[in-house]
Participant: 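Next up is a structure, given as structure tokens.
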Amino acid sequence: MSQDILSGLLSGLNDKQLQAVTLPQVSALILAGAGSGKTRVLTTRIAWLIQTGAVSPNGILGVTFTNKAAREMLTRLSAMLPINTRGMWVGTFHGLCNRFLRTHHREARLPATFQILDTADQLSAIKRVMKLMNVDDEKYPPRQVQSYINGAKDEGLRATSMDAYDKHSQTLRDIFDEYDKQCQREGVADFAELLLRCFETLAREQTLRAHYQERFRYILVDEFQDTNRLQYQWLKLLAGSQNSIFAVGDDDQSIYSFRGARVGNMQDFQVDFQVQEVVKLEQNYRSHSNILDAANAIIAHNRSRLGKNLWTAEGGGEPVRLYEAYTDTDEASFIVDEVKALHNEGIEFQQIALLYRSNAQSRILEHALFSAGIPYRVYGGLRFFERAEIKHALAYLRLVTNPDDDTSMLRIINFPTRGIGTRSLEQLQETARSMNSSLWQAALTQQGKIGAFVALIKDMQDQCNGLPLPEMMDVVTQTSGLRQHYAAEKEGEDRLANLDELVTAAVTFIKERDENDLTDFLTFASLEAGEHQADPGRDALQLMTVHAAKGLEFHTVFISGLEEGLCPHENSMSETNGLEEERRLIYVAVTRARRRLYLSHAQSRMLHGQVRYNIPSRFLDEIPETLLKRLNARPVAKNNEPAWVESARASSAPAPAWKIGQGVHHDKFGAGVVQAYEGGADARVQVNFKHAGIKWLALEYAKLTAT
DNA sequence: TGGCCGAGACTTTTT
DNA sequence: GTCTCGGCCA
């Protein structure tokens with residue numbers, strides 16, 4: 001019986017995958033290329049460990065970066081094995097640290113109901129600290145202060161260990177210090193704090209550390225190339241001297257260094273954990289080889305690599321299409337026309353993605369799509385729990401559990417307006433400061449409007465006591481006056497609908513987790529901000545940045561704006577290894593495509609309200625010409641046809657007919673035999689090369705000679 | 001308190 | 001081009 005499960009688990013794995021899954025208890029680095037079955041290996045490894053009796057589900061720690069990835073792992077796992085995954089520690093770094101901190105809040109020196117600050121909350125908390133400290137926000141832009149603080153925490157540093165060699169860095173350090181004190185006072189933790197606090201607690205509390213080290217015999221990490229210094233230290237601490245870490249990652253897909261991700265962790269890991277063998281998963285199950293060859297050729301230009309080459313058992317497939325547009329609008333209309341054609345051929349819109357380097361590029365594409373009536377969906381806007389009305393409602397709820405949360409208090413003390421103006425607020429803040437207490441404590445001493453607000457929150461606390469979550473949502477949105485406020489607003493319907501949706505979210509939360517704890521729900525809202533404004537169910541084209549596309553795949557991918565300055569982005573050039581990261585970005589983008597890939601650039605484009613003339617991205621030059629099919633714009637379009645149609649037609653005229661079975665020679669691929677032939681606008685031949693394998697070659701460009 | 005206007009920014013953002 | 005923020009006025 002269990003033998004059956006075991007062989008079922010392992011069947012269908014290729015040699016490398018099998019090797020990775022069945023490694024003995026050693027720390028291992030799995031270099032998993034794009035589309036190489038990484039998630040499958042990771043989950044099968046866990047299932048295999050459990051099924052062979054190496055470890056109980058309790059002894060496994062599985063870490064990912066996104067909630068989606070964590071969910072995916074759990075879902076697959078429960079499909080593989082008849083186990084209850086509920087008690088398993090599989091989750092995101094933040095989710096797991098949160099779990100730890102809730103359980104051991106005393107040792108971590110946090111209130112049991114501590115709240116989590118998201119990025120926006122953190123920024124306003126920083127602004128508050130700076131105001132209190134009388135720091136000039138022209139000299140110290142709050143956003144920069146924020147990235148200073150987060151950058152430090154990501155490295156595992158506190159204010160006390162920050163260098164301060166001049167006035168400026170001293171001030172930054174002081175703000176950092178004050179900010180942390182404020183968070184502590186208010187019982188809140190930002191994202192980075194979750195990790196740092198968990199790390200520090202484990203480092204300090206010997207008993208706790210021993211307990212978890214004893215427990216987590218097998219630690220598995222997804223997207224290891226994206227770990228920052230602190231996350232790596234955290235893993236090391238948990239691993240201790242006897243546990244093993246199974247790290248899966250791809251250095252070529254490291255695109256988050258601007259957020260503290262440190263590819264160097266992969267090299268360090270090999271040394272620190274005496275990794276004997278790096279298992280490389282290079283067989284790609286996603287794309288045709290023309291696409292992979294293009295990706296390989298591009299990434300080969302990077303110097304700092306662990307080294308890896310993707311290959312596929314499938315054929316060459318279609319050539320990579322390259323379009324040079326005159327303007328950004330021309331580029332957009334080209335894409336629209338191609339998308340229409342593809343859709344007519346039966347490709348679903350949702351199987352087509354338009355990728356770009358920066359969000360600013362989406363507008364013009366959206367405009368063209370909208371005019372053409374093509375349904376599309378843009379990823380990356382505000383998420384559900386980030387919407388203003390939702391954050392307002394949540395702020396009331398946060399005060400209900402933890403009235404000392406000043407950030408939430410300030411958000412809603414006068415929203416909807418109840419006559420508490422800037423002046424009275426300043427007085428209240430002054431009082432709080434002199435009492436060295438939270439705003440709430442100060443407010444308790446007040447009469448008048450502030451007193452009425454206190455009474456309002458107390459009333460909510462009473463009403464919510466013992467209620468199911470969805471009803472709490474109702475109580476709060478009613479009692480606070482939020483509903484009335486939005487009902488009276490001209491365009492308030494959407495916001496009201498979102499408030500209703502909040503109730504639904506609470507219902508779903510209870511159904512899925514079988515718990516009714518407000519703090520848990522609020523944590524969920526912070527840690528899992530919800531879908532990026534989705535309109536699912538409808539077949540729509542997918543628009544997103546390259547970053548957002550990581551981990552996804554599509555039948556057809558358009559990568560637009562491949563121009564110097566945009567991609568590689570000009571701002572990246574001043575950063576160390578900036579160019580290499582930009583190249584990895586292109587690599588990620590290219591490897592999203594299964595069957596068809598379009599690359600495009602425009603000679604001129606409107607950027608920041610100015611027309612800019614860009615030269616084609618250097619990355620385009622790195623793709624071998626033999627893999628490309630150029631669809632160039634023509635200055636004049638006849639018959640109202642898009643310019644590129646004519647161009648394609650014009651190039652179709654002379655096509656030397658190759659016969660199947662004919663021996664040929666190619667400068668790069670060497671000797672081969674023609675296997676298939678296609679005529680028409682883009683005549684091409686399929687050649688089976690002795691050494692390079694089967695490839696489709698565009699006759700227009702490939703220099704083939706008969707042998 | 002809210003609305004309007006001008007200045008200035010503007011790469012990417014798993015949590 | 002377009003969004004956000006801060007200041008100023010009704």
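Numbers restart at 1 for each chain; the letters A, B, ... are given by sequence-line order, proteins then strands.
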Participant: Does the distance from a Lys or Arg side-chain N to an Asp or Glu carboxylate O, for A:Asp405 and A:Arg398, drop under 4.0 Å?
Facilitator: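 Salt bridge present between A:Asp405 and A:Arg398.
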Participant: Name every residue in residues 129-142 of chain A that has at least one heavy atom under 4.0 Å from any atom of DNA chain B, in order of residue number, or write none if there are no such residues.
Facilitator: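 Hits under 4.0 Å, by residue number: none.
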Participant: Indicate yes or no: does A:Glu553 engage A:Arg592 in a salt bridge with an N to O separation below 4.0 Å.
Facilitator: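 Salt bridge: no.
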Participant: Taking CD from A:Glu581 and P from B:dT13, how many angstroms apart are they, rounded to a whole number?
Facilitator: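 Computing the A:Glu581:CD to B:dT13:P distance gives 12 Å.
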Participant: Could you give the OH-to-C1' distance, from A:Tyr379 to B:dT12, as a whole number of Å?
Facilitator: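 Taking atom C1' of B:dT12 as the reference, OH of A:Tyr379 is at 18 Å.
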Participant: Would you please say whether a donor-acceptor pair under 3.5 Å links the side chains of A:Tyr486 and A:Glu389?
Facilitator: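 No - no donor-acceptor pair under 3.5 Å links their side chains.
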Participant: Could you state the atom-to-atom distance from CG of A:Leu566 to C1' of B:dT12 in whole Å?
Facilitator: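 Distance check: A:Leu566 CG to B:dT12 C1' gives 13 Å.
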Participant: Look at all strands and tell whether A:Leu355 reaches a base, only sugar-phosphate, or nothing, counting heavy atoms closer than 4.0 Å.
Facilitator: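 No contact.
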Participant: Just call it for A:Asn414: base, sugar-phosphate, or nothing, with non-hydrogen atoms closer than 4.0 Å on any strand.
Facilitator: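 If one applies the 4.0 Å heavy-atom cut-off, A:Asn414 turns out to touch the sugar-phosphate alone, with no base involved.
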Participant: Under the salt bridge (charged side-chain N to carboxylate O under 4.0 Å, His left out) criterion, do A:Lys550 and A:Glu223 qualify, and how do the steps go?
Facilitator: CA-CA 11 Å; A:Lys550 188 169 162 222; A:Glu223 305 278 16; 3.5 Å; yes
Participant: What protein N or O atoms touch nucleotides 9-11 of chain B N or O atoms at under 3.5 angstrom, if any, and at what distances?
Facilitator:
residue : atom : partner  : partner atom : Å
B:dT11  : OP1  : A:Asn571 : ND2          : 3.1
B:dT11  : O4'  : A:His569 : NE2          : 3.2
B:dT11  : O2   : A:Arg357 : NH1          : 2.8
B:dT11  : O2   : A:Arg357 : NH2          : 2.3
B:dT11  : O4   : A:Glu575 : OE2          : 2.5

Participant: For A:Glu564 and A:Pro616, which heavy atoms make the closest approach, and how far apart are they?
Facilitator: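 Heavy atoms of A:Glu564 and A:Pro616 come nearest at CG-O, 3.5 Å.
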Participant: Using the P atom in both, what is the distance from B:dT13 to C:dT4, to the nearest Å?
Facilitator: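 About 16 Å, rounded to a whole number of Å.
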Participant: In whole angstroms, how far is the P atom of B:dT15 from the NZ atom of A:Lys153?
Facilitator: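 Taking atom P of B:dT15 as the reference, NZ of A:Lys153 is at 19 Å.
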Participant: Do A:Arg158 and A:Asp180 sit within salt-bridge range, that is, some charged N less than 4.0 Å from a carboxylate O?
Facilitator: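 Judged by the 4.0 Å cut-off on N to carboxylate O distance, A:Arg158 and A:Asp180 do form a salt bridge.
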Participant: Should the pair A:Asp252-A:Arg583 be classified as a salt bridge under the 4.0 Å nitrogen-to-oxygen rule?
Facilitator: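 No, A:Asp252 and A:Arg583 are not salt-bridged.
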Participant: Shoot me the first and last contacting nucleotide of DNA chain C against chain A, ordered 5' to 3', at under 4.0 angstrom to non-hydrogen atoms.
Facilitator: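 Both ends considered, the range comes out as C:dG1 to C:dC3.
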Participant: Whole-Å distance between B:dT12 C1' and A:Asn150 CG?
Facilitator: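 Roughly 16 Å, once rounded to whole Å.
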Participant: Can you tell me the distance, in whole Å, between the CG atom of A:Leu117 and the P atom of B:dT13?
Facilitator: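 To the nearest whole Å, that distance equals 22 Å.
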Participant: For B:dT15, does either OP1 or OP2 sit under 4.0 Å from a side-chain N or O belonging to A:Thr119?
Facilitator: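 Indeed not, no polar side-chain atom of A:Thr119 lies that close.
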Participant: Quick one: label A:Phe93 by what it contacts on the DNA or RNA (base, sugar-phosphate, nothing), any heavy atom closer than 4.0 Å.
Facilitator: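 Contact class for A:Phe93: none.
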Participant: Determine the contact category for A:Ser526: base if any of its heavy atoms lies under 4.0 Å from a base atom, sugar-phosphate if only primed atoms, P, OP1 or OP2 are that close, otherwise nothing.
Facilitator: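 Since no nucleic acid heavy atom lies under 4.0 Å of A:Ser526, the category is nothing.
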Participant: At their closest point, which heavy atom of A:Gly561 faces which heavy atom of A:Glu331, and how far apart are they?
Facilitator: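 That closest heavy-atom pairing would be N-OE2, 2.9 Å.
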Participant: Looking at every strand, decide which applies to A:Gly551 at a 4.0 Å heavy-atom threshold: base, sugar-phosphate, or nothing.
Facilitator: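 No contact.
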Participant: Hey, is A:Phe258 doing a stacking thing with B:dT12, by the 5.5 Å centroid and 30° angle criteria?
Facilitator: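 A:Phe258 ring centre within cut-off of B:dT12 base, planes near parallel; stacks.
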Participant: Is A:Glu366 paired with A:Arg363 through a side-chain N to carboxylate O contact shorter than 4.0 Å?
Facilitator: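 Salt bridge flag = no for A:Glu366 with A:Arg363.
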Participant: Have a look at A:Gly419 and say if it touches a base, only the backbone sugar-phosphate, or nothing, with a 4.0 Å heavy-atom cut-off.
Facilitator: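 Sugar-phosphate only.
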Participant: Does one side chain, of A:Gln225 or A:Gln253, offer a donor that lies under 3.5 Å from an acceptor on the other?
Facilitator: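 No - no donor-acceptor pair under 3.5 Å links their side chains.
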Participant: Tell me whether the NZ or CZ atom of A:Arg605 lies within the 45° cone about the ring axis of A:Tyr326 and under 6.0 Å from its centre.
Facilitator: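 No, A:Arg605 does not lie over the aromatic ring of A:Tyr326.
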Participant: Using atom CD of A:Gln253 as one end and atom C1' of B:dT12 as the other, report the distance to the nearest whole Å.
Facilitator: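 Going from CD in A:Gln253 over to C1' in B:dT12 covers 15 Å.
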Participant: Is the closest basic N to carboxylate O distance between A:Asp226 and A:Arg262 below 4.0 Å?
Facilitator: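 Salt bridge between A:Asp226 and A:Arg262, a charged N being under 4.0 Å from a carboxylate O: no.
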Participant: What's the CD-C1' distance between A:Glu223 and B:dT15, to the nearest Å?
Facilitator: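 These atoms are roughly 14 Å apart.
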